[in-house]
Amino acid sequence: MMTGNEYKASLDDGRATYFGGEQVHDLPAHPQLGVAVQNCADGYDWMIEHSVDGKSPLSGVPTTPEQLREKVDLVHQSGMMSHVTYTSIMTLATVAGRMQDTTPQYIEGIHQYMDEAQNADIRITQCITDAKGDRSKAPKDQRDPDAYVRVVDRQRDGVVIRGAKLHITGASLGHDLMTIPTKSMKPGEEDYAIAAMIPVNAPGVKIINTSYAPRHDDLRDFPVSGSNNYPEGFVIFDDVFVPKERIFLDGEVSQAAIFAHSLGLWERLGGLSSMADGADMLVGLAQLMAEANGLARAAHVREKISEMIIHATVVRACLEACLMHAKTGPFGAVFPDELYTNAGKYTGAAAYNQMVRHVHDIAGGAVVTAPGIADLENGDVGELARKYMTGDPDSGDGEYRTRLFHAIRDLTADTYGGWKAVTNIQAGGGLFAQRIVTRKHYDMDRAKAMALATTGLGPDVH
Ligand SMILES: Cc1cc2nc3c(=O)[nH]c(=O)nc-3n(C[C@H](O)[C@H](O)[C@H](O)COP(=O)(O)OP(=O)(O)OC[C@H]3O[C@@H](n4cnc5c(N)ncnc54)[C@H](O)[C@@H]3O)c2cc1C
């Protein structure tokens, strides 16, 4: 297994990565990206502490619902880069199972890659979302044929690809880019039906980073995002050669969507599990704030918190249900139930703004105007600021209440809060995608039969 320091050294591999208009030559030392690198390095050391027989506790593929639950918990604790890596490996396991009858020629290569990647303990990020150009047009009908990643040259020992994948979480911090079609492809779009693993430092790969990491001197006012942030990468494939052994689909248009569907499932499971914890945490924050304001017994505040509790409980119930109803694939790998995963992720995302509205409503305007921690320490105004920031003194002093406000602002009303609001809606394929998949897996025939039975037009349904 790699140590955190070995991980940091591994990033010095000639990768072309950019931030704020400049190329970054030393990722660990970079003022913004360095924090994320350190988080990832800490994740490596955490894995070593929790290793089983000298291997990462996440290695292998779960073969029982209990193992799946255990891994979901571990993934959740182990940080973003482990999360995206695990999701990538599980996507490949699911793809291999679904390719069995259609494109078996890729299965051995996929399994071999999964073993190699886990043994090398590398981090993998997921490149699925293309630039997409005019959304109303198919890849082959775009004015710019590079709007979707495509093969531009075929050589004896591999292919050359061109295009871009956008919004890729942690792209600059991983080692391989799992590059897969974002949607189904049609005959005539063979060049777009390409799936491959591409090293981040492959010649022609260029990554532009964006980050919600706070650019302030005093990170104490950013208790969440100050220490826990990851960049997104705008990944450009400027004619990148991919050797044959790293290609997992090349031209079979009928199979292109398998990758997106498989990744979607695992991505949404990750989203659902973090939303379940996130919703409980927001309930706790709302309650602490209500207590600090001396309003925990006010009827309207209790009602809002009760609504929040119901939302948090429903989201967690979907997580429990998707794990409890886990299914087993052809090679023995277990995957979560599609219906509950998608319905849960949708519910968590669609009602998130309502949760935030309640927290803001309960907390008050100091969410965005509370003095900074440094102000509370100032010799002239600090004591006065703490005095006037105190709410119910039995809950805590002025600094305690100020820190609650900072946590709420950072989480819901500042750069990270804005990022989170958009991410909840878009990451994992967007709300529309979750509606489609939920509907596809819902038992509509049973629902119709129940309706017919109720109206007396059909037999009873049990
Ligand atoms: C913070 C963050 C992290 C992310 N991480 C990753 C990642 O690691 N890897 C990755 O690959 N992606 C990632 N994504 C991308 C995410 O999956 C996409 O943002 C999402 O799929 C939507 O795609 P888009 O942003 O291009 O929006 P669009 O596809 O342009 O969607 C905008 C709206 O247009 C609608 N729309 C789009 N096309 C059509 C059409 N043909 N007909 C009708 N309506 C249409 C959509 O339903 C939506 O309502 C991330 C996104 C965010 C915000």
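Atoms within each ligand, like the ligands themselves, are counted from 1 in listed order. Note that the numbering runs from 1 along the sequence shown for the chain. All values derive from a computational prediction rather than experimental measurement.
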Exercise. Do K132 and ligand 1 have an N or O pair less than 3.5 Å apart?
Worked result: yes
For this session: Could you pull out, from Q426, K183, R435, the option with a heavy atom nearest to atom 18 (C) of ligand 1?
Result: Q426
Exercise. Do you see a protein non-hydrogen atom under 4.0 Å from atom 35 (C) of ligand 1?
Worked result: no
Problem set entry | Distance flag for atom 45 (C) of ligand 1, protein heavy atom under 4.0 Å | no
Problem set entry | ligand 1 contact by Q126, heavy-atom criterion under 4.0 angstrom | yes
For this session: Look at atom 53 (C) of ligand 1 and find which of D130, T182, T423, I436 reaches it with the closest heavy atom.
Result: T423
Exercise. If we only count N/O pairs under 3.5 Å, is G430 in contact with ligand 1?
Worked result: no
Exercise. Hey, is atom 8 (O) of ligand 1 touched by any protein heavy atom at less than 4.0 Å?
Worked result: yes
Problem set entry | Nearest-neighbour protein heavy atom for atom 47 (O) of ligand 1, which is reported as residue plus atom name and distance | F432 CB, 3.8 Å
For this session: Return yes if a side-chain donor-acceptor contact under 3.5 Å exists between D221 and H216, otherwise no.
Result: no
Exercise. Looking at atom 16 (C) of ligand 1, would you say a protein heavy atom lies below 4.0 Å from it?
Worked result: yes
Exercise. Hey, does R135 come in under 3.5 Å of ligand 1, counting only N/O atoms on both sides?
Worked result: yes
Seminar exercise, completed: re atom 3 (C) of ligand 1, the protein heavy-atom contact at minimum distance is T169 OG1, 3.5 Å
Exercise. Can a donor-acceptor pair be found between the side chains of T17 and N209 at a distance below 3.5 Å?
Worked result: yes
Seminar exercise, completed: ligand 1 to I168, heavy atom cutoff 4.0 Å, flagged ligand atoms 7 (C), 8 (O), 9 (N), 10 (C), 11 (O)
Exercise. Which ligand 1 atoms, with their elements, are less than 4.0 angstrom from a heavy-atom of W419?
Worked result: 1 (C)
Exercise. Do H311 and Q354 meet the criterion of a side-chain donor-acceptor pair at a distance under 3.5 Å?
Worked result: no
For this session: Return the residue, atom name and 0.1 Å-rounded distance of the protein heavy atom closest to atom 11 (O) of ligand 1.
Result: I128 CG2, 2.7 Å
For this session: Answer yes or no for atom 49 (O) of ligand 1: protein heavy atom present at a distance under 4.0 Å?
Result: no
Exercise. To which protein heavy atom is atom 5 (N) of ligand 1 closest, and what is the distance rounded to 0.1 Å?
Worked result: H167 O, 2.8 Å
Exercise. Do Y106 and F248 have ring centres separated by under 6.0 Å?
Worked result: no
Problem set entry | Pair Y346, R435: side-chain N/O donor-acceptor within cut-off below 3.5 Å | yes
Exercise. Is it true that the side chains of S262 and T94 contain a donor and an acceptor less than 3.5 Å apart?
Worked result: no
For this session: Tell me yes or no: between the side chains of Q77 and D73, is some donor less than 3.5 Å from an acceptor?
Result: no
For this session: For atom 21 (O) of ligand 1, grab the closest protein heavy atom and report residue, atom and distance to one decimal in Å.
Result: G429 CA, 3.6 Å
For this session: State whether a side-chain donor-acceptor pair under 3.5 Å links Q112 with E108.
Result: no
Exercise. In terms of side-chain heavy atoms, does T102 have a donor or acceptor partner in Q255 at a distance below 3.5 Å?
Worked result: yes
Exercise. Does atom 32 (C) of ligand 1 have a protein non-hydrogen atom under 4.0 Å from it?
Worked result: no
Problem set entry | Closest to atom 12 (N) of ligand 1 (judged by heavy-atom distance), picking from V235, T129, V422, I425 | T129
For this session: Say whether R403 and H406, considering side chains only, have a donor N or O and an acceptor N or O under 3.5 Å apart.
Result: no
Problem set entry | Polar side chain donor-acceptor pair, Y192 to D130, under 3.5 angstrom | no
Seminar exercise, completed: Heavy atoms of G348 and V315 approach each other most closely as CA-CG2, 3.8 Å
